[in-house]
Amino acid sequence: MATANQREQGVPPESGAGRAPTDLYAFAVRLRRMNGEINRLVQGFAGDHGLHATDIQALAAIMDADEPMTPGGLRRHLGLTSGAVTACVDRLERAGHIRRVRESADRRVVHLHYEQDARTAARSYFRPLAEATESARSRFGEQELTVVVRFLEALNEELAAVRPKGG
């Protein structure tokens, strides 16, 4: 099926003979759509809380980190300058989403922690996303979901290795 943009530009549909429902184009379209829907929700949360989209990415990185996140780790994860990370961390701390903690013997080391009240607010806001995910999951069996998770893990690994041109 042609996208609205393809129809508008008179581009013939790419579906049909020779196109597999799991080819690269099919994945690209669905990943863009999913990314757009998630971004719409993230932008709404950011706007409601006086934050930038980058701040939400920082919160996700802090929440998902295997070990306590540091400003330097956040800088590397987000690909920002140290000044931009400082501004982001300052905004998040002022808004009550995170706190800086010096919990190592080396007082120069700062860990960033997601505040429980902010985490609760985020869970409440993103509950529809969780419910939509659970609804979609319920349409698949455990074996299928295992493959989906494996695919997403592999895609994230590949994407993590991609570097912007010139960067």
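Numbers for residues simply follow the sequence, beginning at 1.
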Contact between [X] and [Y] at the side-chain level, heavy atoms closer than 4.5 Å - yes or no?
| X | Y | answer |
| --- | --- | --- |
| Leu74 | Leu78 | yes |
| Ile98 | Leu59 | yes |
| His111 | His113 | yes |

Any chain of hydrophobic side-chain contacts (each under 4.5 Å) joining [X] to [Y]?
| X | Y | result |
| --- | --- | --- |
| Met63 | Val89 | yes |
| Leu24 | Val29 | no |
| Val85 | Val101 | no |
| Ile38 | Phe27 | yes |

For residues 141-152, dump all side-chain donor-acceptor pairs below 3.5 Å to protein atoms at least two apart in sequence or in another chain.
residue: Glu144; atom: OE1; partner: Gly141; partner atom: N; Å: 2.8
residue: Thr146; atom: OG1; partner: Glu142; partner atom: O; Å: 2.9

What heavy-atom pair brings [X] and [Y] nearest, and what distance separates the two atoms?
| X | Y | result |
| --- | --- | --- |
| Ser82 | Arg75 | N-CD, 3.6 Å |
| Ala118 | Gly96 | CB-O, 3.7 Å |
| Ala53 | Ala46 | N-CB, 4.3 Å |
| Ile62 | Leu112 | CG2-O, 3.5 Å |
| Met69 | Gly73 | SD-C, 3.5 Å |
| Ala20 | Ala26 | O-CB, 4.5 Å |

So Glu93 and Arg100, salt bridge (Lys or Arg N to Asp or Glu O under 4.0 Å) or not? Walk me through it.
CA-CA 8 Å; Glu93 191 171 42; Arg100 291 176 170 114; 2.4 Å; yes

Verify the neighbour count for atom CD of Glu158: are there more than 12 heavy atoms of other residues, nucleotides or ligands below 6.0 Å?
no

Sequence neighbours left out, what pairs pass side chain to side chain donor-acceptor pair (under 3.5 Å) with at least one residue falling in residues 36-54?
Glu37-Arg40, His52-Arg91

Is it true that a side-chain atom of Arg163 and a backbone atom of Ala160 form a donor plus acceptor pair closer than 3.5 Å?
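Yes.
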
Can you tell me if Arg119 uses its side chain to pair, donor with acceptor, with the backbone of Glu115 under 3.5 Å?
no

Spatial distance of atom CZ (Arg99) from atom CG (Leu92) [nearest 0.5 Å]
14.0 Å

Under 3.5 Å donor-acceptor pairs involving side-chain atoms of residues 122-133, not counting sequence neighbours:
residue: Tyr125; atom: OH; partner: Phe45; partner atom: N; Å: 3.2
residue: Thr133; atom: OG1; partner: Leu129; partner atom: O; Å: 2.8

